[in-house]
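Order of the sequence lines fixes the chain letters, A, B, ..., with proteins taken first and strands second; residue numbering starts at 1 for each chain.
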Amino acid sequence: MAEYSKEEIKRIEEKWRIEWKNREVYKVSNDSKKPKFYVLDMFPYPSGAGLHVGHPLGYIASDIVARYKRLKGFNVLHPMGFDAFGLPAEQYAIEHGIHPATSTSQNIENFKKQLANIGFCYDWSRKVQTCDPKYYKWTQWIFLQIFDSWYNRKKEKAERVAELVSIFEKEGNANHPVPNSKFEIQNFKAVEWKSFDDKNKQEILMQYRLAYLAHTDVNWCEALGTVLANDEVINGVSYRGGFPVVKKQMRQWSLRITEYAERLLQGLDKIDFSDSMKEIQRNWIGKSVGARIDFDLTPGPSPEERGSASGEIYAQDFIFTTDERTWKSQKENARDNRKSPTEAEEKFWQSVRNSNLGFKFRRQHAIGRFIVDFVCIEKKLVVEIDGAIHDSQKKEDEERTLIIQDAGFKVIRFSNEEVLKNLEVVLQEIRMELSSPSPLERGPEGEVLTVFTTRPDTIFGVDFMVLAPEHDLVKKITSASQQTEIDKYLKYVESRSEVDRMAEVKKITGAFTGAFAVNPFNGREVPIWISEYVLVGYGTGAIMGVPSGDERDHKFAKHFKLPITNIIGSHYNGEEANPTKDAILENSDFLNGMVMHKAIDVVIQKLEEKGIGKRQVNYKMRDAGWSRQRYWGEPFPVTYREDVPYAMKDEELPLELPPSDNFKSAGNGEGPLANLTDWINFAPNQKRDSNTMPTHAGAAWYFLRYMDPHNDTAFADKKALDYWQQVDVYIGGSEHAVAHLLYSRLWIKILHDLGYIKFDEPFKKLINQGKITGDSRFVYRVRGTNRFVSAGLKGNHQTDELHVDVNIVNGLELDTEAFKKWKPDFANAEFILEDGKYICGSAIEKMSKSYFNVVNPDEIINNYGADTLRMYEMFLGPLEQSKPWNTNGIDGVFKFLRRFWNLFHDSTGNFTVSDVEPSRDELKVFHKTIKKIEHDIDNYSFNTSVSEFMICANELSSMKSNLPTGQAGKRSILEPLVIVLAPFAPHIAEELWEKLGHQDTILNASFPQYDEQYLTESSFNYPISINGKVRAQMNFALDMPKEDIEKVVLASDIVLKWTEGKPPKKVIVVQGKIVNVVL
RNA sequence: GCCCGGGUGGUGGAAUUGGUAGACACGCAGGACUUAAAAUCCUGUGGAUAGUAAUAUCUGUACGGGUUCAACUCCCGUCCCGGGUACCA
């Protein structure tokens, strides 16, 4: 007797779990003629708490997709594994003395058991586990490939370091500048490269490597004893534990993800992620387009102190004039001179024109009030070729040279003779000069202050400059009289922790350096300040202050009573900055009358012409810190000799994590591995790294390993990689938006560039399942007593709110007896009831042990079975939406499954189906259901497919009950319907499938095809609306012409009633949709 | 503050993207079966007004406007909730 009862469900589900395992039905082959489909879940961190009902939500969805695709004829890869390295296991080890390896494998076993209960179709033979040496051998190996790569900006892809070395040997680094502008050796030639010793070479190469070791500002968390990545720090405290985090300089590994910023950004257009997910990544990458602008500095005292006269002269002599007339006349002079070059000048010009030396030269070009013979603006190099030299001329030239040099140019002179006789020597000298760093590349040092701005159009609204307090220039430019002021401020800044800063973000502080910068367009001198609100790490660490257009600049100007230049007329009200780009510019010299957003390009062009600035793209994203001072992670596969890290050989991998039971950090910023001195100093003059990689490392590529998990000669076989390719659907939480998803995209791009894989995005489509939140319950204890007052009456007492276990509350009503037994403290609790009941308070919170609102899926399975759990979780609402867990509707889903079951059984519970042909109505329900389910799965709308199943079962069972007693459901529709249901409720489907007489598992069946002919109707029940309001229904043939419908409708009683005999204004007939009569 | 989502009965949520708002389910109410309860089945169920009733009319998708024959859906403004981000120049 097979009723769909609790006992029967248990029997069925257990039976099939065993059968499926024994028959290895989930085993996936890499060798198949079928098209592939890869469905992936974000693999879990196996925590000690086990699964709660929130975890399986995404797994159920992906399981449905996987089973559906398999029935649709795909070879489906649907694996599961564990992100098993990481902090919690290590913290647990410190607190409880249990080795992370032990607790991790216990937790994994527990997870596997819980997952098996839900009936997922994972191929467990492909399980990966990031802490397994056989796995992390390849994590280390990939890390070494990254270490052995650099980013060729010209080709926009990663290449091998060996290639870089051969480039250096041929041409130095002129075409491939050092990514880090702070590094002491910026430019070198081939000969110089060859002359460097190995240590020196390694140091230079380190500046290029995509995985590199450097002293960087890191987020140091003392309480956790480790460095954290930017995304692990929230509001100045650690993501885990909420401990304070400070900036600290440490030598650690980083990944040069910034080189990939643009590709990571562009790649988002090729992949199907949700808008919000793409937005989060875009914000994180933080691209902004603008310009770098160089400002000259006045060296000494302020213009007032120098006297106005000298100030004017200064401006006239040293800076580029923007006076239109001067420019014009200068340019005309220059043009004339170009027409009549000397022989030497012409010969020289032929050698340098068209960027023959790698840089663009101009001839007879105006600089300030002088015209120079030749200039390379990019490199700020002036070349003068002199004729016969008279003494008077010589003196004049010297003066002229001085002035041009002060404008930031280097001047070299050659005689006519030198050019004519020894051109090669001359060119060689110029090549030397060109290869030395230009002022722009050198950064804000010496006489130039470089800022980054997205709004170069506001250049005439600049009223001051602000440097980050840590900016290199601060030391150099602070005037004697302002020194104490600046020192005081620097001290204040240093005293502020990250948390302080975060807490008072909008506080205005700052100090004046005593120095002034010169606006290159109008010669105006503006004071240079330092302030916390300018960050040293972004842009150039310096900004131009435009108070009329920028809120922070405005507050700063108001606070320090600096003048405010209005360049946007009535758009600025004197009280608040207006960041508009649509205003017409005023007080802006040659930009006057121009719309701001158009002026941006005009200014940039001018900046580039004058060689004092250029278009610049900036990214907020920083390189990713990759060292953790932890034990439970992948050791870095390098050995240090004389402090230089060298990659270990492939055959030496994996570098296994040494056994240890000491997980406390060794102090001094060193992780627990530093305690193992024998392991660290494993050979004379050779050392290992005491850090381990972050958990992101193992997670960055795990989906590749599933393709070929037991390979020990490669991270995965090329054939397997080419067959499975990208993940077709990836389902997981949105909390991994920045870290995991960005790092995996990076690793895949690098592996792609190096030729290991054909695709350069890991995940074709990403779905973020919503969080299932907990629905907490509270009791209210009267303060100082053991009496508990019901929620409605708590206003009468002083109470404390306590979380109570949701499992002893029915709806809102507390089971008071269970409560007394729950904790010894409450054994003799008394209750103040309302209407004889104790009503609890409630709140939606995250599901957490400490809130006692955790619902374990095992419990639901125990009561209703896995099929009900699966369908109910889907029925709860749209997959991507967050929702609180409650079991309010679970009976409805359970009833559906029983009704479905009953379609195959008679009233006494005997299995019986009939071979009679189904009726047209039955066929219609059947085909409609297939069509809808297919459509819904394709759109990941599982809640509506559950509804559709319910409708189907309701309709079929009412049709069945209308049959003469004893007649059974029709095999020809019920059998394929079982297949349609199988992805959602695999256990019941498999059982019915077997009862229908099949030997093979339903997994190998094929999904039925719906037939449109059973769905097309010959007629349609038209809603007849009058003035847009539906008043009646009328049935017409679908092919009935509009005119005929209109006639019948207008003649109908209902319409006549409303029209009162008057002719309607308009009649709209939409075939197959609606009729609307307008009066 | 800025940038994304979202706001539909007592509840979870449907609505083929401009064409009958509230599918499906929970809950609730009434009924059948039962000594009784549970379970099961049937009926009703957005709100208001009128009617014994079938029914009719009005109203209704956060709020205020607009476009349209027709708006939950499109446009403008306001309020609220959720997520991301925060001196990023």
Peer 1: Whether A:Asp269 and A:Lys278 form a salt bridge (side-chain N of Lys/Arg under 4.0 Å from carboxylate O of Asp/Glu) is what I want to check.
Peer 2: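 No.
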Peer 1: Just compare B:G13, B:A25, B:C88 and give me whichever is closest to any side-chain atom of A:Lys883.
Peer 2: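 Of B:G13, B:A25, B:C88, B:G13 is nearest to the side chain of A:Lys883.
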Peer 1: A:Ile1045 CD1 to B:G19 C1': how many Å, rounded?
Peer 2: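 Rounded to whole Å, this separation is 14 Å.
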Peer 1: Taking all heavy atoms of A:Leu879 and all of A:Tyr940, pick out the closest pair and write down the distance.
Peer 2: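 Closest approach of A:Leu879 to A:Tyr940: CB-O, 4.3 Å.
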Peer 1: Report which part of the nucleic acid A:Pro878 touches: base, sugar-phosphate, or nothing (heavy-atom distance under 4.0 Å, all strands).
Peer 2: sugar-phosphate
Peer 1: If you check the A:Ile951 side chain, which of B:A39, B:C26, B:C24 turns out closest?
Peer 2: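 Of B:A39, B:C26, B:C24, B:C24 is nearest to the side chain of A:Ile951.
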Peer 1: From the set B:C58, B:C87, B:C41, return the single nucleotide nearest to any side-chain atom of A:Lys895.
Peer 2: B:C41
Peer 1: Now, which nucleotide makes the Watson-Crick or G-U wobble pair with B:G46, with each of the two distances under 3.5 Å?
Peer 2: B:U59
Peer 1: So, A:Thr509 versus A:Tyr489: side-chain donor-acceptor pair below 3.5 Å or not?
Peer 2: yes
Peer 1: Quick one: look up who B:A71 pairs with, Watson-Crick or G-U, both distances under 3.5 Å, and put none if it's unpaired.
Peer 2: none
Peer 1: Paired with B:A21 by Watson-Crick or G-U wobble geometry, both distances under 3.5 Å: which nucleotide is it?
Peer 2: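 None - no nucleotide pairs with B:A21, as no candidate has both distances under 3.5 Å.
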Peer 1: Could you check whether A:Val1078 gets within reach of a base, just the sugar-phosphate, or nothing at all, counting any heavy atom under 4.0 Å?
Peer 2: sugar-phosphate
Peer 1: Quick one: closest heavy-atom pair of A:Ile568 and A:Ala583, and the distance?
Peer 2: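 Distance-wise, the nearest heavy atoms are CG2-CB, 3.6 Å.
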Peer 1: Please give, in whole Å, the distance from B:A89 C1' to A:Gln616 CD?
Peer 2: 13 Å
Peer 1: To the side chain of A:Lys1029, which of B:C24, B:U20, B:U59 is closest?
Peer 2: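 Taking heavy atoms from C-beta onward, the closest nucleotide is B:U59.
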Peer 1: Using the side-chain heavy atoms of A:Arg552, tell me which of these nucleotides is nearest: B:G19, B:C88, B:C41.
Peer 2: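 Minimum distance to the A:Arg552 side chain belongs to B:C88.
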Peer 1: Could you please name the partner base of B:A54, counting Watson-Crick and G-U wobble pairs only when both distances are under 3.5 Å?
Peer 2: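 Result: none.
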Peer 1: For A:Phe875, report the nucleic acid contact type (base, sugar-phosphate, nothing); a contact means any heavy atom under 4.0 Å.
Peer 2: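 It contacts base atoms.
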Peer 1: Starting at NZ of A:Lys278 and ending at P of B:G5, how long is that distance when rounded to a whole Å?
Peer 2: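 A:Lys278 atom NZ is separated from B:G5 atom P by 12 Å.
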Peer 1: Looking only at the side chains, is there a donor atom on one of A:His554 and A:Tyr572 sitting less than 3.5 Å from an acceptor on the other?
Peer 2: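 A:Tyr572 and A:His554 do have a side-chain donor-acceptor pair below 3.5 Å.
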Peer 1: Counting Watson-Crick and G-U wobble pairs only, both distances under 3.5 Å, name the nucleotide matched with B:G5, or none.
Peer 2: B:C81
Peer 1: Starting the side chain at C-beta, find the nucleotide from B:C87, B:C88, B:G84 nearest to A:Ile280.
Peer 2: B:G84
Peer 1: Looking at A:Glu279 and A:Arg282, is there a salt bridge between them, counting it only when a charged N and a carboxylate O are closer than 4.0 Å?
Peer 2: yes
Peer 1: Classify the nucleic acid contact of A:Asn283 as base, sugar-phosphate or nothing, counting any heavy atom under 4.0 Å across all strands shown.
Peer 2: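 Since no nucleic acid heavy atom lies under 4.0 Å of A:Asn283, the category is nothing.
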Peer 1: Before you tell me yes or no, could you show the steps for A:Asn618 and A:Ser288 under side chain to side chain donor-acceptor pair (under 3.5 Å), namely the whole-Å CA-CA distance, both residues' side-chain angles and the distance that decides it to 0.1 Å?
Peer 2: CA-CA 5 Å; A:Asn618 257 339; A:Ser288 54; 5.5 Å; no
Peer 1: Among the nucleotides B:A89, B:G19, B:A14, which one has an atom lying closest to any side-chain atom of A:Phe452?
Peer 2: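 Within the option list, the nearest is B:A89.
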Peer 1: In whole angstroms, how far is the C1' atom of B:C24 from the NZ atom of A:Lys932?
Peer 2: 10 Å
Peer 1: Rounded to whole Å, how long is the line connecting atom NZ of A:Lys287 with atom P of B:A89?
Peer 2: 13 Å
Peer 1: Look at all strands and tell whether A:Asn954 reaches a base, only sugar-phosphate, or nothing, counting heavy atoms closer than 4.0 Å.
Peer 2: sugar-phosphate
Peer 1: State the syn/anti category of B:U17 according to its glycosidic angle, syn meaning within 90° of 0.
Peer 2: syn
Peer 1: Roughly, in whole Å, what's the span from NZ in A:Lys1066 to P in B:U68?
Peer 2: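 Result: 10 Å.
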Peer 1: Just to verify, which of A:Val534, A:Ile528, A:Val536, A:Ile543 counts as forming a side-chain contact (heavy atoms from CB on, under 4.5 Å) with A:Leu467?
Peer 2: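 Of all the options given, the one that passes is A:Ile528.
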Peer 1: Starting at the 5' end of RNA chain B and moving along, which residue's nearest nucleotide shows up first, A:Met950 or A:Thr509?
Peer 2: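 By nearest-heavy-atom nucleotide position, the 5'-most residue is A:Met950.
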Peer 1: Which nucleotide, if any, forms a Watson-Crick or G-U wobble pair with B:C33, using both distances under 3.5 Å?
Peer 2: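 Result: none.
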Peer 1: Counting only Watson-Crick pairs (N1-N3 plus N6-O4 or O6-N4) and G-U wobbles (N1-O2, O6-N3), all under 3.5 Å, who is the partner of B:C87?
Peer 2: none
Peer 1: What's the closest nucleotide to the A:Val1030 side chain, out of B:C69, B:A14, B:A21?
Peer 2: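 Nearest to the side chain of A:Val1030 among the choices is B:A21.
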Peer 1: Is there a donor and acceptor pair closer than 3.5 Å between the side chain of A:Asn888 and the base of B:C26?
Peer 2: no
Peer 1: Rounded to whole Å, please give me the gap between CG in A:Leu467 and C1' in B:A89.
Peer 2: 13 Å
Peer 1: Strictly below 4.0 Å, heavy-atom distances to any atom of RNA chain B: list the hits from residues 1019-1026 of chain A, or just say none.
Peer 2: A:Asn1021, A:Pro1023
Peer 1: Name the nucleic acid region contacted by A:Val534, choosing base, sugar-phosphate or nothing; use a 4.0 angstrom heavy-atom cut-off, strictly under.
Peer 2: base
Peer 1: For A:Gly733 and A:Gln769, work out which heavy atoms get closest and say how close.
Peer 2: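 Distance-wise, the nearest heavy atoms are N-OE1, 3.4 Å.
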Peer 1: How long is the line joining CG of A:Asn943 and C1' of B:A15, in whole Å?
Peer 2: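 Those two atoms, CG and C1', are 12 Å apart.
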Peer 1: For the pair A:Lys1047 and A:Glu1043, find out whether any cationic side-chain nitrogen is under 4.0 Å from an anionic carboxylate oxygen.
Peer 2: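 The answer is no: the pair does not qualify as a salt bridge.
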Peer 1: What nucleic acid atoms does A:Gln881 come within less than 4.0 Å of, heavy atoms only: base, sugar-phosphate, or nothing?
Peer 2: sugar-phosphate
Peer 1: For A:Met277 and for A:Lys771, find the nucleotide of RNA chain B with the closest heavy atom, then tell me which residue's nucleotide is more 5'.
Peer 2: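 Nearest nucleotide further toward 5': that of A:Met277.
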Peer 1: If you check the A:Arg1031 side chain, which of B:G13, B:C58, B:C4 turns out closest?
Peer 2: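 Nearest to the side chain of A:Arg1031 among the choices is B:C58.
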Peer 1: What is the base-pairing partner of B:A39, counting Watson-Crick and G-U wobble geometry with both distances under 3.5 Å?
Peer 2: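 When the pairing criteria are applied, nothing turns out to pair with B:A39, so the answer is none.
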Peer 1: Go through B:A70, B:A89, B:A23 for me and flag the one nearest to the A:Ser947 side chain.
Peer 2: B:A23
